[in-house]
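Excluded from the calculations below are hydrogen atoms, water molecules and symmetry mates; all remaining heavy atoms, backbone and side chain alike, are included. Every number for a ligand or one of its atoms is a count from 1 in the order of the listing.
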Amino acid sequence: MTTVASPISVARAEVPNDLAALWLPFTPNRAFKKRPRLIARSKDMHYYTPEGREILDATAGLWCCNAGHNRAPIVAAIQRQAAELDFSPTFQFAHPPAFVLSSRIAELAPADLDHVFFTNSGSEAVDTALKIALAYYNVTGHGSRQRLIGRERGYHGVGFGGISVGGMVNNRKFFGSLLSGVDHLPATYNPEHQAFTKGEPEWGGHLADALESIVALHDASTIAAVIVEPMAGSTGVLPPPKGYLQRLREICDRHGILLIFDEVITGFGRLGAPFAAERYGVVPDMITFAKGVTSGTVPMGGVIVRKGVYDAFMQGPEHAIELFHGYTYSGHPLACAAGLATLDVYRDERLFERAKALEPKWCDAIMGLRGLPNVLDIRCVGLTGAIDLAAIPGSPTLRGCRLLEHSFHEANIMLRISGDTIELTPPLIISENQIDEIMEKVAASIRAVA
Ligand SMILES: Cc1ncc(COP(=O)(O)O)c(C=O)c1O
């Protein structure tokens with residue numbers, strides 16, 4: 001017979017006393033449970049362990065908490081909203097915060113990207129954008145356009161759509177044949193030409209021309225959309241080569257292909273502008289977002305679409321549903337309240353401008369790690385950076401695992417590790433002294449696993 005713990009004692013427990021039941025995502029569970037990295041509290045630039053140890057957050061949680069942690073106005077807005085309206089559907093009904101937030105997001109987006117479809121995560125945002133692209137060509141009489149084009153090394157979340165267009169091998173190879181009709185552009189990274197570049201590399205703009213070859217192979221009449229991260233984040237921070245995104249846009253225009261920017265990481269200030277589309281002066285047809293929209297406080301994602309895309313669906317009888325798609329929690333009131341308060345913090349504290357102003361200092365500081373043991377390359381753009389370390393021969397990812405353990409338990413810093421690459425994406429409220437502190441702690445951790 002199974003014994004059930006009293007819900008009261010569970011609710012009151014300050015630290016978990018049994019790690020067995022939880023299956024952690026994207027985590028080596030058995031190694032983790034031998035020496036867990038537990039977080040109990042957060043404030044501004046820091047996390048705190050259950051025993052009160054202060055951990056400097058060099059990852060904004062998971063590229064999420066751009067406004068820093070537990071910011072008073074955001075906390076208060078969530079509390080107020082919970083007391084006012086807990087939930088209302090957005091299927092056939094709606095509530096004021098959902099309208100206000102979509103208007104605020106549309107105002108931040110470039111050009112005529114002026115309609116917002118809400119989801120609860122980046123993965124859902126990506127699958128939504130891909131479905132809108134396919135449906136767009138159906139409703140406009142071009143149903144043969146069914147192919148979706150992604151890019152090698154791309155990360156677009158974990159839905160079947162996202163892993164099909166994504167290009168990170170381990171995220172794909174265990175899950176069958178995925179969506180049919182997908183093709184991939186080559187990755188934009190080449191260490192021979194780009195190693196230790198600050199910002200966007202000079203070399204590589206021509207790699208966008210691979211889209212012409214894909215079009216030549218399949219014919220434009222079969223291709224609905226191309227999706228890329230303007231800056232590939234999860235694969236290890238790959239800023240776009242100069243001119244690359246402009247060339248993609250030109251080729252898409254030439255062949256009537258929709259261009260989707262996955263801005264789940266780059267949106268909301270990470271690259272020193274509301275969206276990377278603005279930094280690079282390229283207007284996509286759709287932008288996916290998540291993470292920073294609520295500074296990570298309440299799950300939310302979404303897709304911003306151009307007017308022409310939205311308008312194409314607003315045909316036919318007015319009583320008919322135009323898009324058979326949506327999530328129960330699309331535009332959840334708590335997420336909307338959190339989003340509105342977060343956008344206020346970004347605006348009032350000028351955090352996007354702050355990220356831009358700090359970029360030179362940030363890039364100089366991270367490049368200062370060049371020459372440490374096993375450092376193969378360093379990349380940076382906006383308030384984002386990555387350091388590639390040489391793998392331990394025969395044991396890829398082991399050095400990364402050891403470094404994560406050391407950095408958390410000994411150096412009191414939270415980093416993101418992808419294989420043997422360290423990824424750094426601090427909250428945008430970071431001070432110049434804290435940038436130096438991050439680099440000192442990272443340097444100590446790199447030395448410790450040499
Ligand atoms: C570019 C990009 N797209 C999609 C996602 C998936 O977002 P989520 O984990 O919220 O589903 C991520 C997550 O890191 C991402 O970086």
Side-chain angles (χ1 to χ4, degrees), residues 24-27 59-66 117-133 148-168 170-172 175 179 184-185 187-189 225-240 245 259-271 275-277 279-280 284 286-304 327 329-330 332 335 338-339 342 379 381-386 414-419 421 423-425:
L24 290 120
F26 277 120
T27 300
T59 70
L62 192 49
W63 324 73
C64 296
C65 309
N66 293 359
F117 193 104
F118 285 120
T119 69
N120 309 290
S121 68
S123 299
E124 290 176 356
V126 166
D127 280 13
T128 299
L130 298 177
K131 287 176 73 175
I132 290 175
L148 301 166
I149 312 298
R151 191 169 59 192
E152 291 165 3
R153 295 192 67 166
Y155 183 66
H156 300 292
V158 294
F160 272 102
I163 61 173
S164 300
V165 292
M168 293 178 74
N170 284 328
N171 296 349
R172 297 163 50 86
F175 306 110
L179 285 188
H184 289 78
L185 292 160
T188 60
Y189 180 60
V226 171
I227 181 167
V228 291
E229 302 157 272
M231 180 234 24
S234 299
T235 190
V237 180
L238 309 180
L245 295 172
L259 179 61
I260 305 167
F261 279 179
D262 185 350
E263 297 229 29
V264 165
I265 280 177
T266 52
F268 302 100
R270 181 54 54 199
L271 301 192
F275 294 98
R279 176 177 173 122
Y280 295 118
M286 289 186 243
I287 289 176
T288 55
F289 66 87
K291 297 190 188 262
V293 64
T294 60
S295 197
T297 53
V298 182
M300 175 172 246
V303 186
I304 319 171
Y327 303 92
Y329 298 124
S330 284
H332 191 286
T342 299
R379 298 171 292 277
V381 62
L383 272 189
T384 303
M414 182 188 278
L415 309 172
R416 174 102 188 108
I417 300 287
S418 173
T421 296
E423 297 168 349
L424 301 173
T425 58

>> Nearest non-hydrogen contact with atom 4 (C) of ligand 1 belongs to which option: G233, G162, G157?
In response: G157
> Is the ring centre of F268 less than 6.0 Å from the ring centre of F275?
Replying inline: yes
> Would you say S123 and ligand 1 have an N/O pair spaced under 3.5 Å apart?
Replying inline: yes
>> Less than 4.5 Å apart, side chain to side chain, heavy atoms only: is that true for F26 and V158?
In response: yes
> Nearest protein heavy atom to atom 16 (O) of ligand 1, by residue and atom, and its distance?
Replying inline: I265 CD1, 3.2 Å
> Of the protein's non-hydrogen atoms, which lies at the shortest distance from atom 10 (O) of ligand 1, and what is that distance?
Replying inline: G122 N, 2.8 Å
> By number and element, which atoms of ligand 1 are closer than 4.0 Å to a non-hydrogen atom of Y155?
Replying inline: 1 (C), 2 (C), 3 (N), 5 (C), 12 (C), 13 (C), 14 (O), 15 (C), 16 (O)
> Where on E229 is there a heavy atom closer than 4.0 Å to ligand 1, on the side chain, on the backbone, on both, or on neither?
Replying inline: side chain
> For D262 and ligand 1, does the shortest N/O to N/O distance drop below 3.5 Å?
Replying inline: yes
> Any idea which atoms of ligand 1 are less than 4.0 Å away from a heavy-atom of S234?
Replying inline: 14 (O), 16 (O)
> Is the shortest distance from a heavy atom of G301 to ligand 1 less than 4.0 Å?
Replying inline: no
>> With a cutoff of 4.0 Å, is K291 in contact with ligand 1, counting heavy atoms of the residue only?
In response: yes
> Would you call V165 and I149 a side-chain contact if the rule is heavy atoms closer than 4.5 Å?
Replying inline: no
>> Under a 3.5 Å threshold, yes or no: a donor from one side chain and an acceptor from the other, between T235 and R153?
In response: yes
>> Could you check whether any side-chain heavy atom of P230 comes within less than 4.5 Å of a side-chain heavy atom of T266, counting everything from C-beta outward?
In response: yes
>> Checking T128 against Y327 for the side chain to side chain contact (heavy atoms under 4.5 Å, CB included) test, could you report, in this order, the C-alpha distance in whole Å, the side-chain angles of both residues, the deciding distance, and whether it holds?
In response: CA-CA 10 Å; T128 299; Y327 303 92; 3.4 Å; yes
> Do L415 and L424 have side chains that get closer than 4.5 Å, going by heavy atoms?
Replying inline: yes
> If you measure every N/O of V126 against every N/O of ligand 1, is any gap under 3.5 Å?
Replying inline: no
